[in-house]
Amino acid sequence: MSGRLLRLVCTAAVAVGTVLAPLPAVAAPEPPEPRERTVAELLTDLQRLYQEAEEATETYNATEEKLKEKRAEVTRLDTALSRARLSLQDSRGAAGRLARQQYQSVTDISPYVRLLLARDPQHALEQGHVIGQLARERAKTVGRLTGTEHRADALARVARKALDDQLTLAARQKKDRDDVRAKLADVEELLASLTAEQLARLAEFEEKGVAKAQEELTTSGALGDVEREPTREGEKALEYARRQLGKPYEWGAEGPRTYDCSGLTSEAWTRAGTPIPRTSQEQWARLPRIELKDLRPGDLVIYFPEATHVAMYVGRGQVIEAPRTGEKVKVSPIASHPILGAVRPDGDGQAPATEAR
C-alpha cells in the first residue's frame with residue numbers, strides 16, 4: 001500500500017472514530033417555573049373577559065328586541081290573514097249565490113228581451129234601472145271576490161316569510177345566549193383560580209385606577225363647571241334608577257328584580273314616558289349626542305369603543321349603573337370605564353354622526 005493511500009485510510013479511521021464516539025451526557029434543561037401574573041395583568045385579563053361578556057350580552061339583547069318585533073308582526077299578520085280569509089269566505093258565498101241565481105234564470109226569457117218587449121215605456125225604464133243595478137252588484141261581487149283572494153294570498157306569503165324570520169331569529173337568539181354563557185364561564189374560571197389575597201389586591205388596584213381616571217377627567221375640565229338641572233322627564237328617569245339601587249345585575253334583564261346596564265337605562269326612561277332603544281349600541285346610534293360638559297342628570301353616558309356599556313348621569317361626576325355579573329346596581333364615578341360619549345334621551349342634542357347599525 002502506498003504511503004499516500006495509507007495516510008488517507010488512517011485519516012478516515014480517525015474521522016469515523018470521532019463521529020461514532022459517545023458524546024458526554026448533558027442534563028436536559030428544566031422548564032422554567034411559570035411566572036405569576038402581576039395584579040395589573042390579572043386585572044387586564046379580568047376586564048377583557050367582562051367586556052367580552054358584556055358585548056355578547058348586548059348582542060343577545062339586540063336579537064331579543066328584533067325577535068319581539070317579529071313576534072308582534074307575526075301576530076298582527078295572522079290576525080289580518082284570519083280577517084282576510086273570513087272576508088274571502090263571505091265573498092265566495094256571495095259569488096255562489098250569484099252563480100245559482102244566474103243558473104236558475106237561464107231558462108227564463110232574458111231580462112234584456114223582456115225590456116225590449118215591454119209595452120209600458122216607464123216600466124221599461126224601471127226595468128232597465130233594475131237590470132243595470134243587478135249588473136253593477138254582480139260586478140262588485142266578482143271584483144270583491146278577486147280582490148280578497150289576492151289580498152289573502154299576499155298576506156299568506158308575507159305571514160310565512162315573517163314566521164320564517166322569527167324562527168331564524170329564535171335560532172340566533174339561542175346561539176347568542178350560548179355565547180354569553182360561555183363568556184361568563186371564562187370569567188368564573190379566572191375568578192375561581194384566584195386566592196382571596198389576589199382578589200383583594202385586584203379590587204384595590206382597580207379602585208386606584210378608577211380614582212386616578214376620575215381625577216384626570218375632572219381636573220381636565222371636560223365635565224364643565226356648571227351643574228345643570230334635569231328636565232321633568234329626566235328627573236323621573238333618575239328617580240326610577242335610584243329606586244333600583246342594590247338590585248343584582250343579570251344579563252338580558254330589564255327588571256323589576258334584576259337588570260343589565262341597558263335594561264336599567266331603557267326601563268328608567270320608558271317609565272319616565274320617553275321610550276328609548278333597548279341596547280346601549282342603539283342608544284348611542286339613535287339618540288341625540290351631547291358634549292360631556294353639557295351633561296345634566298338623566299343623560300346617558302356610553303362606554304367602550306363598541307358602545308357596549310351605558311350608565312345614567314346623576315350629577316357631580318357620578319353615574320348610576322348596573323355594572324357586571326356578580327355586582328349590584330350602584331352609584332359609580334363617571335370614569336369607571338373608558339368613556340365613548342354621552343346622549344340625551346329627551347332631545348336638544350346633536351344629531352348622531354353615523355347611522356344606526
Side-chain angles (χ1 to χ4, degrees), residues 50-51 53-66 68 180 228 230-292 294-325 327-349 352 356-357:
Y50 275 128
Q51 177 61 12
E54 194 148 42
E55 287 179 12
T57 296
E58 289 301 282
T59 298
Y60 171 87
N61 289 339
T63 302
E64 172 66 15
E65 283 302 291
K66 291 177 183 176
K68 286 180 182 176
V180 175
R228 291 173 169 78
T231 61
R232 183 171 55 184
E233 291 79 10
E235 182 59 35
K236 288 180 180 178
L238 196 54
E239 286 176 1
Y240 180 87
R242 286 193 182 105
R243 291 198 299 272
Q244 314 316 309
L245 289 171
K247 293 185 177 180
Y249 175 99
E250 181 182 5
W251 65 271
E254 303 174 70
R257 294 182 178 85
T258 58
Y259 295 88
D260 65 17
C261 67
S262 57
L264 175 63
T265 56
S266 62
E267 186 65 15
W269 272 99
T270 296
R271 295 299 185 94
T274 306
I276 64 174
R278 167 65 176 89
T279 69
S280 58
Q281 292 173 330
E282 284 298 294
Q283 290 169 7
W284 172 246
R286 293 168 54 187
L287 297 178
R289 297 181 186 175
I290 57 172
E291 298 292 335
L292 291 181
D294 296 324
L295 276 170
R296 68 190 183 200
D299 290 340
L300 304 183
V301 182
I302 310 295
Y303 297 94
F304 299 107
E306 295 300 318
T308 50
H309 187 69
V310 60
M312 181 178 293
Y313 190 63
V314 298
R316 300 188 180 278
Q318 303 290 304
V319 294
I320 292 179
E321 63 168 343
R324 60 195 182 195
T325 298
E327 296 195 24
K328 298 179 179 180
V329 177
K330 65 179 183 178
V331 175
S332 302
I334 191 175
S336 294
H337 318 283
I339 298 174
L340 176 61
V343 295
R344 177 161 291 164
D346 51 351
D348 73 355
R357 285 177 288 184

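Residue numbers count from 1 along this sequence. Model, not experiment: these values are computed from the prediction.
Every pair passing salt bridge (charged side-chain N to carboxylate O under 4.0 Å, His left out) that includes a residue from residues 330-341 is listed here, sequence neighbours excluded: Glu327-Lys330.
Screening Asp346, Ile302, Leu300 for a side-chain contact (heavy atoms from CB on, under 4.5 Å) involving Leu287 leaves a single residue, Leu300.
Side chain of Glu306 to main chain of Glu55: no donor-acceptor pair is present (N/O by atom type, distance under 3.5 Å, no hydrogens or angles). In this structure a side-chain-to-backbone donor-acceptor pair under 3.5 Å is missing from Tyr60 to Glu64. In terms of modelled atom types and a separation under 3.5 Å, the side chain of Trp284 and the main chain of Thr308 share no donor-acceptor contact. Within the 3.5 Å criterion, the main-chain N or O of Arg278 finds no donor-acceptor partner in the side chain of Glu282. Within the 3.5 Å criterion, the main-chain N or O of Glu254 finds no donor-acceptor partner in the side chain of Thr258.
Remark: the Thr265 side chain and the Gln283 side chain contain an N/O donor-acceptor pair separated by less than 3.5 Å. With hydrogens and angles left out, the side-chain atoms of Ser280 and Glu58 include a donor and acceptor closer than 3.5 Å. Residues Tyr259 and Gln244 have side chains that bring a donor and an acceptor to within less than 3.5 angstrom of each other.
With respect to Glu235 and Arg271, no salt bridge is recorded, no charged nitrogen being found less than 4.0 Å from a carboxylate O. Between Asp294 and Arg289 no salt bridge is recorded (no basic side-chain N to carboxylate O distance below 4.0 Å). With respect to the salt-bridge test (charged N to carboxylate O, under 4.0 angstrom), the residues Lys68 and Glu65 qualify.
For CZ of Arg232, the number of neighbouring non-hydrogen atoms (other residues, nucleotides, ligands) closer than 6.0 Å is 12 at most. The neighbour count for Lys247 NZ, taken as heavy atoms of other residues, nucleotides or ligands under 6.0 Å away, is above 12.
Separation of atoms CD1 (Ile276) and OG1 (Thr270) is listed at 6.5 Å; rounding is to 0.5 Å.
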Please list every donor-acceptor pair under 3.5 Å in which a side-chain atom of residues 331-339 meets a protein atom from a residue at least two apart or in another chain.
{"residue": "Ser332", "atom": "OG", "partner": "Glu321", "partner atom": "OE2", "Å": "2.7"}
{"residue": "Ser336", "atom": "OG", "partner": "Pro333", "partner atom": "O", "Å": "2.7"}
{"residue": "His337", "atom": "NE2", "partner": "Glu321", "partner atom": "OE1", "Å": "3.0"}

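With a 6.0 Å cutoff to the six-membered ring centre and a 45° limit on the axis angle, Arg324 does not count as a cation-pi contact of Tyr249.
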